[in-house]
Structures are given as C-alpha cells and as structure tokens.
Amino acid sequence: MKSIIQTTNLHKTYDSGTHALKGINLTIHEGEFIILLGLSGSGKSTLLRCLNRLIEPSSGDVTILDQDVVNANPAQLRRIRRQIGMIFQQFNLIKNLSSLTNVLSGKLGYVSLWHALAFNHQKDDVAEAMANLNRVGLSEFARKKTKNLSGGQQQRVAIARALMQHPKMIFADEPVASLDPATADSVMKYLGVLNHEENMTVVCSLHFLSLARKYGTRVIALKGGKIVFDGSPQEIDEARFQSIYGEDAEEVEIR
Amino acid sequence: MNIEKVKKRVLSVILDLVISVYFIGCIAYLANEWAGLSVDLLYVVIVGVLVAVVQNITGYSIGCWGYGFSAEGKKPWMHTFWGWFLVVLIITTFVVGWIIVQVNPYKFFMKFQNAGTIVNGIFSPNLGILSECLAALAETIYLALLATVFAIPLAFVLSFFAARNLMPHTLLGNTVYLIIRTIATIFRSIEAVVWAIIFSVWVGIGPYAGMLALMVHSIAALTKLYSEQIENIDHGTVEAIQATGATTLQTWVYAVVPQIVSPFLAFTIYRWDINVRMATIVGFVGGGGIGLLLLQQQQMLRWHNVGIIIWLIAAVVWTMDIISAKVREKLQNS
Ligand SMILES: Nc1ncnc2c1ncn2[C@@H]1O[C@H](COP(=O)(O)OP(=O)(O)OP(=O)(O)O)[C@@H](O)[C@H]1O
Ligand SMILES: [Mg+2]
C-alpha cells in the first residue's frame with residue numbers, strides 16, 4: 001500500500017503554552033479509514049489541523065502525497081489543501097447562503113479569483129454541485145439557506161462541499177458528535193461509501209467505539225498529545241478502552 | 001510574580017500622585033475663589049507630590065488601598081483614612097464643579113421671561129423664508145448622504161485589515177493591524193466639529209467642508225464598528241473555506257462577508273442617521289447647510305426665522321430616526 005500521509009516528530013505548542021502534540025510519528029496509507037480516538041483535549045483536532053496547516057505545527061515534518069507540507073509556500077499549500085476534503089463537528093457552512101453556493105465553495109481551490117469574487121460559477125461546476133447534492137440526497141434543498149436545514153442535512157451539505165474538491169482524502173473532526181445516533185450512522189455511511197467505492201482515505205475523530213468498529217480499518221488513540229494505541233479496531237477491548245479514556249470511562253461513550 | 005508586584009506598586013504611586021496633586025489643586029482653587037489667596041501652580045505640584053509620597057510610603061492612601069498595599073487592612077471604609085479621604089475628594093470635586101460651571105438655580109427659575117423671544121419665535125415661525133431654508137436643508141441632507149456613501153467602501157476595506165482574527169500573527173500582520181486601529185482611534189476621537197473647522201480652512205466654508213469632516217469621522221467610526229463585527233464572526237466557517245484551498249481573498253469573500261453584511265448595513269444606516277444630526281452641528285463651524293443658516297439668523301436675532309429652522313431640523317431628524325429604526329428592525333429579522 002502506498003503511504004499518503006506521513007508525520008515525523010510532530011509537535012504543537014500553543015501560544016498559551018499548552019503542549020498539545022508531543023512528537024507524533026504516523027504513516028497513513030492510501031485507502032485506510034483511520035479512527036482517531038482520545039479524551040477531550042488529547043489533541044485530535046490539533047493533529048488534524050496541523051496536517052493541512054490550518055494550525056501551524058511548532059516543529060516536525062508533515063508529508064502529504066509526497067509533498068512537504070510544512071515548507072510549502074502559500075500556493076503549494078493551497079494545492080495540497082484542495083486535495084483534502086475537511087468536515088467539522090459544527091458543519092462550518094456559510095449559514096446565510098444556499099446549500100448550492102455552499103457546495104460550490106468547495107471549488108474555490110480550483111477557480112480563478114474573479115469568478116469566485118463575482119459568485120459567478122461555471123455551468124459545469126453548478127451541474128457538478130447539483131450532482132453532489134443529489135448524491136447526499138439533498139437535491140431539493142439546493143436553493144435553501146443552510147441555516148434552515150437540520151444538523152444531519154447540514155453535515156451532508158458539508159460532505160457534498162468536500163466532494164467538489166475531488167479529494168484524495170477526507171479529514172473529519174468529530175463529524176457526528178452533534179448528531180443523534182441514527183443520523184450519525186447515516187452520515188458515517190457516506191464516508192464509508194467514499195472509502196469503499198472510491199478508495200478515498202479517511203481520517204476521522206470519534207468518541208464511539210461501535211462506529212469505530214463498524215467503519216474503521218485502523219484506530220489511532222491519542223492521550224496527552226501522544227499516540228498510545230495504533231492497531232485494528234477489533235483489538236480494542238474494555239481494558240484498552242479504559243487505558244485510553246481513563247479508569248472511570250466505563251463504556252459511557254460507547255454505542 | 002515580583003514584576004507583577006512592582007507594577008502594582010508603580011501604578012499605586014501614579015494614582016496617588018494624580019489624586020493628591022488634583023486635591024491640592026482644588027484646595028488652591030477654592031482658597032483663591034473664597035479668600036483671594038493666589039497660589040503658584042509650582043507649589044501646588046510640589047505639595048501634591050510630597051503628600052502623595054508620604055501617603056504612599058505609610059500606606060494610608062487611596063492608591064495603596066486600590067492595589068492592595070493598604071496599612072489599614074480590610075477595615076470598613078468608615079474606619080479608614082482612605083475612606084474619608086475619598087469622601088472629602090468627592091465633595092471637593094462637587095463644590096469646585098459647582099463654582100466653575102457657575103451653577104445658579106435662581107437664574108433658571110426666575111429669568112424665564114428672557115427666553116420669551118425665542119419661544120415666541122418657535123411658535124410663530126416665519127414661513128416666508130421656507131424656500132431658502134429648504135435649499136439649505138437639502139445641502140445638509142445631501143452632505144450627510146455623500147459623507148456616508150464615500151465612507152462605506154473605505155471603511156469596509158480598512159476593517160478587514162483592522163480585524164485581529166483576519167490579520168496573521170506575523171510582524172507585517174501585527175503592524176498593519178496596529179497602524180490602522182491606532183489611526184482610526186485617533187481620527188474618531190477628534191470630533192466631527194473639529195474636522196469641520198480644519199476643512200473649512202482647507203477647502204473653504206460650505207457644504208463640501210462639512211461633507212469632508214463627516215466623511216473622515218465616519219470612516220474612522222465605521223472602521224472600528226465593522227472590524228469589531230468581523231472579530232465576532234464564526235471562525236469555523238473561515239477554517240472550512242481555507243481548507244478547500246481557497247486564497248485569503250476568496251476566504252474573506254466567502255466566509256467573512258456573508259456573515260457581516262446585515263450587521264454592516266445596520267451600522268451604516270445608523271451612521272447615516274448620526275451624520276444627518278451632525279451635519280447640522282458641523283454647519284455651525286463652517287460646514288454649510290442648515291446649520292450655517294441657523295447660526296446667521298441667530299446672530300441677527302431673527303427669532304421667527306430661527307423658529308422655522310428649528311422645526312425643519314426636528315422634522316428631518318425625526319423622519320431619519322423612524323426610517324433608520326424601521327430598516328434596522330427589518331435587517332434584524334431577515
Ligand atoms: N487555539 C488554542 N489555543 C490554545 N490552546 C488550545 C487551542 N486549541 C486547543 N488547545 C489546547 O490543546 C489541547 C488539545 O486540544 P484539541 O482541541 O486538539 O483536543 P481534542 O482531542 O480535539 O478535544 P475534543 O475532543 O474536545 O475536541 C487542549 O489542552 C486544548 O486546551
Ligand atoms: Mg476536537
């Protein structure tokens with residue numbers, strides 16, 4: 001299997017002094033569905049954002065698709081970023097704009113500045129955006145402002161936005177933490193389909209072991225900014241789970 | 001730890017110096033008013049500094065209390081020196097203020113007949129000069145409108161560079177942010193009236209000077225309001241758009257602008273409202289329009305003409321008030 005993401009000795013210390021990542025060494029291969037586990041504050045979001053430099057790493061190296069991310073200039077960085085679809089817990093859509101415009105914003109890494117500024121989208125892009133909305137089952141919501149959609153629908157719009165990028169991989173930061181269990185599973189299903197059918201690499205942080213077992217091919221657990229477990233989802237029994245989440249965790253977070 | 005303590009001590013000394021020099025100054029002022037004793041400013045400062053130093057060293061001072069060095073511990077204020085000193089300070093300030101402002105309730109209640117001429121003017125306005133007034137009023141309204149319209153694009157662009165969350169934390173980013181914020185703050189703290197005086201000398205008395213004055217002040221004020229609005233946006237959206245590979249400018253247009261349009265419009269309309277009011281005042285000092293006309297008529301003691309002008313200004317301000325409230329309400333609900 002081809003390696004697609006690599007980090008060496010990755011550190012992040014915030015201005016506040018918090019040492020959030022303490023030397024992460026990681027190799028992720030094409031087609032893997034990685035589940036990031038870890039307590040709140042263990043550094044999952046920081047790690048995901050350091051990979052595409054939404055947060056600047058303090059030291060260490062990141063290589064994505066054979067390109068040096070840390071030393072990329074702004075133009076190179078944008079070309080790396082547009083190959084990575086990103087999905088967030090709070091959906092992070094532009095709430096006052098329609099679903100269609102939101103999905104089209106996924107093309108920003110490809111279009112010229114002036115087309116983007118004028119909100120003047122190419123016919124092909126609009127057709128593609130409609131197709132992607134259709135794919136997540138939301139074609140009749142194209143003209144609706146996203147703030148009027150339910151949480152699950154908003155997350156599906158976010159997935160359609162990511163698909164516009166023709167991404168090689170998807171980073172998802174707790175994509176289902178604000179959703180009810182049934183909706184959560186339906187959103188995860190879309191990620192699962194992309195992983196299976198298009199061989200898209202997925203890195204997804206979660207708190208639910210059941211979802212991890214159902215969709216993940218590999219689990220990486222963080223604790224205090226370090227990797228404390230790296231293996232298959234099936235290897236995580238109760239003892240492992242407690243060592244990741246602490247003695248009191250029981251199975252509260254497991255569904 | 002230690003640095004913190006030294007800083008507090010220094011601040012307490014500064015506070016005591018200010019209070020003490022001010023207090024001795026008040027005493028000297030009262031001595032002059034009541035007993036005809038004129039005291040040199042130099043002595044006021046010397047005595048004030050001495051008193052402050054003694055107070056601060058012994059710990060019996062307001063500064064020591066404020067920064068936690070008081071020699072009197074946590075006693076209730078009635079049993080402390082600083083408490084009574086504060087009371088005396090407040091009373092002294094009130095007495096001195098009363099004298100300086102020449103407060104005189106007798107005049108207020110007993111000299112009402114002096115206002116008769118102007119009240120009479122207001123209630124029998126001279127409709128004969130209506131057309132002249134309307135022309136001046138048009139000047140005022142248009143100058144307020146242009147000042148607002150010209151200010152919007154400049155303030156809009158500047159506000160992005162004056163928003164902490166959009167400027168990178170690099171030397172260049174910080175410098176740009178600081179320079180724009182500082183200039184905006186300085187320009188805003190200079191009143192529109194002062195700008196009008198400057199521009200009436202620069203381009204001559206008239207509505208153009210008034211327009212420039214309001215424009216400069218509006219740019220500064222709107223830049224601050226706009227940029228604070230930008231600092232309140234949801235950062236998640238910005239992250240999401242950046243993650244698609246968008247450029248900085250694209251990110252601003254897609255993630256920032258849609259979040260700020262409606263508050264921006266609300267602020268802008270509010271600003272126009274303020275500018276219409278200010279346009280009258282600015283007219284007094286050379287900014288043209290209805291304010292200038294009012295000043296001229298007042299100086300000629302033509303109270304019936306003043307009357308019609310006052311009615312017209314009230315009508316415009318009142319109308320603007322209603323329109324701007326309505327529009328802002330609409331924006332909030334949309
Ligand atoms: N912008 C920031 N500034 C300073 N410290 C931060 C910042 N963001 C995160 N941290 C700190 O870094 C550590 C790791 O945070 P991070 O958000 O990566 O954790 P997480 O695993 O994603 O947690 P959660 O499950 O709550 O999302 C925490 O201690 C957090 O307080
Ligand atoms: Mg997180």
Side-chain angles (χ1 to χ4, degrees), chain A residues 15 45 48-49 51-56 74-98 101-119 145-147 157-158 161-167 170-173, chain B residues 1 3-4 153 156-157 159-160 163-174 176-178 226 229-268 328 330-334:
Chain A
D15 291 342
S45 303
L48 278 174
R49 284 169 174 73
L51 293 182
N52 65 354
R53 271 175 60 195
L54 286 180
I55 293 176
E56 289 293 336
Q76 290 167 332
L77 180 62
R78 286 198 301 274
R79 252 174 275 128
I80 297 170
R81 278 179 178 168
R82 72 184 188 188
Q83 301 183 72
I84 307 170
M86 198 144 178
I87 294 166
F88 305 83
Q89 177 180 353
Q90 300 304 332
F91 324 128
N92 293 351
L93 299 171
I94 311 158
K95 295 188 184 60
N96 294 325
L97 300 184
S98 68
T101 314
N102 268 286
V103 175
L104 281 164
S105 71
K107 264 278 178 288
L108 284 174
Y110 294 89
V111 301
S112 83
L113 178 64
W114 298 111
H115 280 109
L117 288 189
F119 282 82
K145 284 188 183 175
T146 50
K147 68 176 168 197
V157 172
R161 171 174 68 189
L163 290 179
M164 289 300 282
Q165 298 172 227
H166 297 289
I170 293 209
F171 295 172
D173 189 12
Chain B
M1 286 314 260
I3 287 268
E4 214 34 44
F156 182 83
V157 171
S159 66
F160 283 75
R164 189 69 282 204
N165 54 337
L166 295 190
M167 282 298 100
H169 290 249
T170 56
L171 185 63
L172 181 67
N174 288 333
V176 169
Y177 165 83
L178 258 182
Y226 286 174
Q229 205 59 43
I230 294 178
E231 287 175 352
N232 280 334
I233 62 164
D234 169 22
H235 182 66
T237 318
V238 175
E239 253 186 342
I241 297 297
Q242 276 175 346
T244 65
T247 61
T248 304
L249 197 55
Q250 287 174 332
T251 308
W252 289 2
V253 172
Y254 275 75
V256 182
V257 172
Q259 294 192 58
I260 54 176
V261 210
S262 85
F264 270 33
L265 279 177
F267 279 136
T268 309
R328 273 181 289 151
K330 262 253 158 61
L331 284 171
Q332 238 149 41
N333 298 336
S334 74

| query | Is there a side-chain contact between B:I233 and B:N165 (heavy atoms, below 4.5 Å)? | reply | yes
| query | Under a 4.5 Å heavy-atom cut-off, does chain B meet the side chain of A:R49, its backbone, both or neither? | reply | side chain
| field | chain B contact via A:Q90 - which portion, at a heavy-atom distance below 4.5 Å | value | neither
| query | Can we call the ring centroids of B:F267 and B:Y226 under 6.0 Å apart? | reply | no
| Most chain A-contacting option - heavy-atom pairs closer than 4.5 Å, from B:Q259, B:Q242, B:E239 | B:E239
| Heavy-atom distance under 4.5 Å between the side chains of B:I241 and A:I94, does that happen here? | yes
| query | Heavy atoms, side chains only, cut-off 4.5 Å: are A:V157 and A:V103 in contact? | reply | yes
| Measuring heavy-atom distances to chain B, does A:K95 have an atom under 4.5 Å in its side chain, in its backbone, in both, or in neither? | side chain
| Tell me, side chain or backbone of A:R161 under 4.5 Å from chain B's heavy atoms, or both, or neither? | side chain
| query | Considering only heavy atoms, which portion of A:L93 lies under 4.5 Å from any heavy atom of chain B: side chain, backbone, both, or neither? | reply | backbone
| query | With a 4.5 Å limit on heavy-atom distance, are the side chains of B:M167 and B:N174 in contact? | reply | no
